[in-house]
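Here is the structure we will look at, set down as C-alpha cells.
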Amino acid sequence: MSSASAARKPHLNLVVIGHIDHGKSTLMGRFLYEIGAVDERAIKEYEEEAKKIGKESFKYAWVLDRLKEERERGITIDLGFYKFETQKYFFTLIDAPGHRDFVKNMVTGASQADCALLVVSAKEGEYEAGMSPGGQTREHAFLAKTMGVDQIMVAINKMDTVNYSQQRYEEVKNGVARLLRMVGYNVNKVQFIPTSAWEGVNITKVNKDKTPWYNGPSLLEAFDMFEEPPRPIDKPLRIPIQDVYSIKGVGTVPVGRVETGVLKVNDVVVFMPPNVKGEVKSIETHHTRIEQAIPGDNIGFNVKGVEKSQLRRGDVAGHPTNPPTVAEEFVGRIFVLYHPTAIAAGYTPVLHVHTATVPVKFVAIEKKIDPRTGAAVEENPPFIKQGDAAIVRFKPLKPVVIEKYSELPQLGRFAIRDSGRTIAAGVVIDVVPAKVQG
Ligand code: GTP
Ligand code: MG
C-alpha cells in the first residue's frame, strides 16, 4: 500500500456498528487479514496470547481491540481505528463498541463517519437480542442516521452457526430492512451480505460453496459501492476534536476529522469553547504530511501556542474570522425514541453532538408537532412522551459548540441519552450564542 496512491483515491470514513458480540471486530480483523493489511504472524501472535487467557476466539478481534481491558473482557470499549485501501477508495475504519455502557463512544465514531457497516449476528437468540427494544442493533441504526451517516450496508454474520441457512438469512434481512426503513434509510440502496467472520466467508470473494443462493457482492466488493459524499470546502472551517496528544519534539497535536472548510499549514486556528488560538505548523493524515486538509480528512495537526491541557474531546477548531459558535441555549426539533414515563421542563439528560458530550436541560417544551408534517399540534405542552415530536428549548450546562443544522448540518444534529438509553434525537433550528470570555 503506497501512500502516494492512497493520496489520489477519495477518502471515506467507515464506522462498524451493531449489538455486542455480533462479531464487528472479528469480521473487520479477518477482513484486514484477508486483504493483507495484517500479516499472518500478527494473527498467530494474537492467537497464542489469547489462548493463554482463554479468549482464543477473539484472535481476529485483537487486531482492533488493543486495550488490555478490551482483550481481557473480550469486548470493544473505545473506538479502534485502522486504514485500508480498496480499488476505488482509501478507508478509515472506525470499529465501534456494541456494549450499551459505551454507546457514547459509538456516537462519537458515527459523528465522524460517511458510511456504516451494521453487523448483525444470525445466531439463534443473538439476532433477537439486538432487535429487542433495548437492543443495540436498533439503537445503533437509529443513532447512525441521527448523526448523519446516510449510507449503510449490513453484514449478516455468524452464518456458520446456522448452517448457512437461506431461510434464516431472509428472516434476519427482512427484520433489519424493516428497522432501517423505519429510521429513515432508503432500503432499496442497502446491500445485505451473508458472512462468517470465523470461517472467512464472503469477505474478499463470494464463497458459492457455502452460500450458493447468494448473488450479491462480497464485503470487499460492496465497500466500493458506497458513493463519495459531498465535500463542503466553501463553508467555514470546523474540526470537532476527537483526541489531543502531546508529542515529544513536535508539541500539541489535536486529532479529528475536518467536517467543513479547508485547513492549511500556517493558518491561525481558534479552539472553542476554551477560546485558545494557535498556529498550524504541520498537518498529517495517516502519517503522511499534507499542506491542506479538506472535509472528510482525518487529521492530526500540530499547533504552536496551545497546550494539551487546554483542549479536550468535543472542542471544535475553526478560523478566528468565523469561529465555532458556543451555545448559551439552543432550540431543537426532536423525536422521542424512548422514555419510560414523560419528559417535562427541567429534565436534565446528556447531550451528544459531534464529538462532545455535555449535560443539557430541557428549559421549555415549546410545541408538540406532527412528526410527519412538522405542523404544531399543541403549544407549550406540559410534557412529551415516547413517539412524540417536539420543538424544545435547551440549555447546555457546560460550554459546548453547537451550530444550526441548516448552516452546518455536521454540527447541528444531536442525540439525547439518559441512564444508558437513547431518549431522543434531533436537529438544531436555532442557537443563542454565549458571550465568550478570553
Ligand atoms: P463488541 O465490540 O464488544 O460489541 O463485540 P464485537 O461485535 O466486536 O464481537 P467480537 O468480534 O468481539 O466477537 C464476539 C465473539 O463472537 C467472539 O468469540 C468471536 O470469535 C465470535 N464470532 C465473531 N464472528 C463470528 C462468526 O462469524 N462465527 C462464529 N461462530 N463466531 C463468531
Ligand atoms: Mg468489537
Side-chain angles (χ1 to χ4, degrees), residues 14-34 38 43 46-47 49-82 93-110 116-127 129-132 134-141 143-144 154-165 168-169 172 176 192-204 206-207 210-211 214 218-219 420:
L14 168 75
V15 68
V16 182
I17 59 177
H19 195 78
I20 186 162
D21 269 356
H22 281 205
K24 297 175 290 300
S25 304
T26 301
L27 184 64
M28 294 321 292
R30 179 85 193 213
F31 170 82
L32 292 168
Y33 167 64
E34 287 196 16
V38 179
I43 300 287
Y46 297 149
E47 184 173 347
E49 289 301 306
K51 214 183 239 169
K52 281 187 202 154
I53 59 168
K55 287 269 186 280
E56 201 187 339
S57 74
F58 288 86
K59 63 179 181 180
Y60 292 112
W62 280 23
V63 172
L64 290 146
D65 292 340
R66 290 151 186 258
L67 303 175
K68 187 163 179 281
E69 193 188 348
E70 290 182 319
R71 291 180 169 186
E72 283 172 2
R73 292 175 65 183
I75 61 167
T76 304
I77 294 173
D78 208 347
L79 302 169
F81 291 81
Y82 219 99
L93 158 68
I94 308 171
D95 182 39
H99 195 297
R100 60 192 310 163
D101 287 358
F102 307 114
V103 173
K104 77 178 209 305
N105 296 335
M106 177 271 162
V107 176
T108 303
L117 170 64
L118 174 63
V119 178
V120 182
S121 170
K123 194 170 174 177
E124 246 9 276
E126 291 193 350
Y127 159 66
M131 291 292 276
S132 68
Q136 274 60 54
T137 304
R138 186 172 291 283
E139 187 176 23
H140 283 194
L143 288 169
V154 182
I156 298 178
N157 191 37
K158 305 203 187 182
M159 285 299 296
D160 56 299
T161 66
V162 295
N163 288 316
Y164 298 95
S165 152
R168 177 64 168 171
Y169 172 75
V172 173
V176 175
F192 290 83
I193 306 160
T195 61
S196 167
W198 194 247
E199 295 189 343
V201 170
N202 296 342
I203 293 180
T204 43
V206 173
N207 298 77
K210 300 283 190 192
T211 52
Y214 176 66
S218 67
L219 197 62

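As the structure lists them, so they are numbered: ligands from 1, and atoms in each ligand from 1.
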Open item on the list: Within the structure provided, determine whether Val119 and Val154 are in side-chain contact (heavy-atom separation under 4.5 Å).
Closed with: no
Task: Parallel, tilted or perpendicular: rings of Tyr60 and Tyr33 (30°, 60°) - done: tilted
Task: Flag, side chain of Arg168 to backbone of Ala122, donor-acceptor distance under 3.5 Å - done: yes
Task: Heteroatom distance test (Thr76, ligand 1): nitrogen or oxygen, under 3.5 angstrom - done: yes
Open item on the list: What protein heavy atom lies closest to atom 6 (P) of ligand 1? Include the residue and the distance to one decimal.
Closed with: Lys24 N, 3.5 Å
TODO: Around atom 14 (C) of ligand 1, find the nearest protein heavy atom and jot down its residue, atom name and distance.
DONE: Asp21 OD1, 3.4 Å
Task: Minimum-distance protein heavy atom relative to atom 9 (O) of ligand 1 - done: Gly23 N, 3.2 Å
Task: pair Glu139-Val103: side-chain heavy atoms closer than 4.5 Å - done: yes
Open item on the list: What I'd like to find out is whether the side chain of Val206 reaches to under 4.5 Å of the side chain of Tyr214, using heavy atoms alone.
Closed with: yes
- [ ] Please name the pair of heavy atoms, one in Lys24 and one in Asp95, separated by the smallest distance, quoted to 0.1 Å.
- [x] CB-OD1, 3.7 Å
TODO: Tell me which part of His22 gets within contact of ligand 1: side chain, backbone, both or neither, using heavy atoms under 4.0 Å.
DONE: backbone
Task: Cation-pi, Trp62 ring and Lys51 (6.0 angstrom, 45 degrees) - done: no
TODO: Answer yes or no: does an N/O atom from Phe58 fall short of 3.5 Å to an N/O atom of ligand 1?
DONE: no
Open item on the list: What protein heavy atom lies closest to atom 24 (N) of ligand 1? Include the residue and the distance to one decimal.
Closed with: Asn157 ND2, 3.2 Å
TODO: Look at atom 30 (N) of ligand 1 and find which of Asp160, Thr26, Ile77, Ile17 reaches it with the closest heavy atom.
DONE: Asp160
Open item on the list: Within the structure, is a non-hydrogen atom of Ser196 found at a distance of less than 4.0 Å from ligand 1?
Closed with: yes
TODO: Using a 4.0 Å heavy-atom threshold (strictly under), name the region of Thr161 that reaches ligand 1: side chain, backbone, both or neither.
DONE: side chain
Open item on the list: If I compare all heavy atoms of Arg71 with all of Asp65, which pair ends up nearest, and what's the gap?
Closed with: NE-O, 2.7 Å
Open item on the list: Can you name the atoms of ligand 1, numbered from 1 with element, that are less than 4.0 Å from a heavy atom of Ile75?
Closed with: 3 (O)
TODO: Identify the protein heavy atom lying closest to atom 20 (O) of ligand 1, giving its residue, its atom name and the separation to 0.1 Å.
DONE: Ser57 O, 2.5 Å
Open item on the list: When you compare the side chains of Asp21 and Ser121, does any donor N or O come within less than 3.5 Å of an acceptor on the partner?
Closed with: no
Task: Taking atom 22 (N) of ligand 1 as the reference point, the nearest protein heavy atom with its distance - done: Lys158 CE, 3.6 Å
- [ ] Give a yes or no on whether a salt bridge exists between Arg66 and Glu70, defined as a side-chain N under 4.0 angstrom from a carboxylate O.
- [x] no
TODO: Go through the side-chain N and O atoms of Tyr46 and Glu56 and say whether any donor and acceptor fall under 3.5 Å apart.
DONE: no
- [ ] Consider only side-chain N and O atoms of Thr195 and Asn157, and report whether a donor and an acceptor are under 3.5 Å apart.
- [x] yes
Open item on the list: With 2.8 Å as the threshold, which protein atoms of type N, O or S lie near the Mg ion (ligand 2)? Leave waters out.
Closed with: Ser25 OG, Thr76 OG1
Task: Check: Ala197 N/O within less than 3.5 Å of ligand 1 N/O - done: yes
- [ ] Scan side-chain atoms only and decide if Ser218 and Thr204 contain a donor-acceptor pair under the 3.5 Å cut-off.
- [x] no
